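Shown next, in structure tokens, is the structure this report addresses.
Here is the naming used below: chain letters follow the sequence lines, and residue numbers restart at 1 for every chain. Just so we're clear, the structure is a prediction, and the values are computed from it rather than from any experiment.
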Protein chains: 2
Amino acid sequence: MFVAMNDDELDRIFRALADPTRRKIIDRLREQPDQSLFQICAMSVAEGGKALSRQAITQHLDMLQNAGLLHVSWSGRTKIHSLDLKPLREAADIWFRKHLLEGENP
Amino acid sequence: MFVAMNDDELDRIFRALADPTRRKIIDRLREQPDQSLFQICAMSVAEGGKALSRQAITQHLDMLQNAGLLHVSWSGRTKIHSLDLKPLREAADIWFRKHLLEGENP
DNA sequence: TTGACATGCAATAATTTTATTGCATGTTCG
DNA sequence: CGAACATGCAATAAAATTATTGCATGTCAA
């Protein structure tokens, strides 16, 4: 099985995963998909401890989307966010597994 | 199988992987372990395109070591670097696989 | 011992990332 | 229609990351 992904894409994904707030968003979005920006902000406040502004969350979501990790749609005035795990799997294929699976002691 | 890793450790690992220079260092160190700082600098110059200062490389190595990804030893005046992939595997266990393996369509 | 070598340490500069603020736009509901 | 709502856009501030420079320390080898 073969995946195609250039360095820039891979880089965007790794960068997207570098921030704990974004990883938390990914976690929550996986637990419950199709959340609005407001819902995501609410989660963030409820769990994260520190309350980020809506714009901060928006910027994090932008980075996730830029890395191709998000599927976004609109329902009226509401923006709906869900995960797209495919790029994550591709990144794992071409990088992570290379280091984690080769030469593993059984 | 159970792994123990706190949020800080996980965060250091993800941050360490966020930079392309560091990922390249990991790649090269995997191809050829037990390299000195100078060797790593030389590689970086030879391959990376942009020539970083020795100190820049040192700082990158520090971050990798801080994330527990490096095994360092001394031979006289020479510092020897090798990878320690165990933390990477642990990080994959508690985070990556959760998202990548669950709910995979077969 | 001395000079070249391999590296460390510390300060600072340059760049990027993260967060905030204020205002603007389109949508729903009464 | 008009008010509350959900979000966007843009500028800027704050903080963190990345890279550089200069000097210091310990080691090897002639």
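- Connection of Leu64(A) to Leu88(A) is established within a shared hydrophobic cluster, with ILVMFWY side chains joined at heavy-atom distances below 4.5 Å, either directly or through further cluster members.
- Within the 4.5 Å cutoff, the side chain of Gln32(A) has heavy atoms near those of the Gln39(A) side chain.
- Both Ser75(A) and Arg22(A) sit near DNA chain C, but only Arg22(A) has its closest nucleotide nearer the 5' end.
- Residue Thr78(A) is in sugar-phosphate contact alone, with no base atom involved, counting any heavy-atom pair closer than 4.0 Å across all strands shown.
- In the hydrophobic clustering of ILVMFWY residues, with side-chain heavy atoms under 4.5 Å counting as a link, Val72(B) and Phe38(B) come out apart.
- Linking Ile, Leu, Val, Met, Phe, Trp and Tyr whenever their side-chain heavy atoms come within less than 4.5 Å leaves Ile80(B) and Leu85(B) in two separate clusters.
- As judged by a 4.0 angstrom heavy-atom cut-off over every strand, Arg15(B) is placed among residues touching the sugar-phosphate backbone only.
- Residue Arg54(B) places its side chain closer to dC23(D) than to any other of dA11(D), dC23(D), dA19(D).
- Between dT18(D), dT21(D), dT18(C), one nucleotide has an atom nearer to the side chain of His60(B) than all others, and that is dT18(D).
- When distances are taken from the side chain of Gln55(A) to each of dT7(D), dG8(D), dC5(D), the shortest belongs to dG8(D).
- Considering only side-chain atoms of Lys79(A), the nucleotide from dT21(C), dG8(C), dT7(D) that sits closest is dT7(D).
- Heavy atoms of Ser36(A) sit under 4.0 angstrom from primed sugar atoms or phosphate atoms, though from no base atom.
- For Ala56(B), taking side-chain heavy atoms from C-beta onward, the closest of the listed nucleotides dT20(C), dA6(C), dT20(D) is dT20(D).
- Distance from the side chain of Arg77(A) is smallest to dT28(C) among dT18(C), dT7(D), dT28(C).
- Residue Ile57(B) contributes atom CD1, which lies 15 Å from atom C1' of dA6(C) at whole-angstrom precision.
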